Amino acid sequence: MTSYAPFPAAHQPTGHVVRWATWDGEHDETTTILWENEGFTVSGVVGREQIQYVLRLSPSWQVRQFILFRDMEEPDLWLATDGGGRWGEMNGAHRTELDGCYDIDLTCTPFTNTLPIRRLPLLEGHTAELPVAMIDVETLEVRAVVQRYTRLGTHSWRYENTESGYTADLEVDEHGVVLDYPAEFRRLP
């Protein structure tokens, strides 16, 4: 089972920094994980899509808020959850189509696969299916998609999108953060 203990570096002023490059090496992402206000704040800057995302997480890695910035100072998308799987926009609109989702998935980053991996208490060989709020950063479409996670080993997981059939075997570091995402992203030192 993955430990929920905070990253030691997340408590430092610079936080725990993780970097990936696209598989072809053309673009990169820098993600910072900070411990603040009794939870984690994750901020990622994705070069290829030219976006910044911010996630506010509970100590057990459950999403509380998601903010997406594209080309303006104000957020393009700002979602929050009550922790019980009910979602709304910051303007108060309830997003009933996302009810039951606990995680966010952005296909432009390997980081969001880390969320269920860190949170799910699966033993090796066990599987969980869960609805996830998948966000298209270009169109801002948000929809629920069922994903399956299987724990293959101490540091290895299988991710499956049950709608598209897409499957990827993922290795994670000692903190449960995705390393390489085959044919998509490589972890940088």
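Predicted model, so just to flag it, every value in this text is computed and none were measured.
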**Message:** So, applying side chain to side chain donor-acceptor pair (under 3.5 Å) with Tyr149, which one of Thr127, Asn113, Asp103 is it?
**Reply:** Asn113

**Request:** Before giving the answer on side-chain hydrogen bond (donor to acceptor under 3.5 Å, both in side chains), spell out for Gln52 and Ser43 the whole-Å C-alpha distance, their side-chain angles and the decisive distance to 0.1 Å.
**Result:** CA-CA 7 Å; Gln52 178 179 3; Ser43 178; 2.9 Å; yes

**Full working for side-chain hydrogen bond (donor to acceptor under 3.5 Å, both in side chains) between Gln147 and Tyr159** = CA-CA 7 Å; Gln147 296 181 344; Tyr159 157 75; 3.1 Å; yes

**Prompt:** Is there a donor-acceptor contact under 3.5 Å linking the side chains of Arg56 and Thr41?
**Reply:** yes

**Asked** Are the aromatic rings of Trp23 and Phe185 close, with centres under 6.0 Å apart?
**Response** no

**Message:** Ring-plane angle category for His175 and His16, please: parallel below 30°, perpendicular beyond 60°, tilted otherwise.
**Reply:** perpendicular

**Message:** Using the ring centroid of each side chain, check whether Trp78 and Phe66 are separated by less than 6.0 Å.
**Reply:** no

**Request:** Check whether any side-chain heavy atom of Phe69 lies under 4.5 Å from a side-chain heavy atom of Ile51, and answer yes or no.
**Result:** no

**Request:** Answer yes when Arg95 and Glu89 have at least one side-chain N-carboxylate O distance shorter than 4.0 Å, and no when they do not.
**Result:** yes

**Request:** Evaluate the salt bridge (charged side-chain N to carboxylate O under 4.0 Å, His left out) criterion for residues Arg187 and Asp173: first the C-alpha distance (whole Å), next the side-chain angles of each, then the deciding distance (0.1 Å), finally the verdict.
**Result:** CA-CA 10 Å; Arg187 183 83 164 262; Asp173 65 16; 2.8 Å; yes

**Asked** Is Gln50 atom CD crowded by more than 12 heavy atoms from other residues, nucleotides or ligands, each under 6.0 Å away?
**Response** no

**Message:** Using side-chain heavy atoms (C-beta onward) and a distance below 4.5 Å, is Pro110 in contact with Glu29?
**Reply:** yes

**Request:** Kindly indicate whether the side chain of Leu170, heavy atoms from C-beta on, has any atom under 4.5 Å from the side chain of Arg158.
**Result:** no

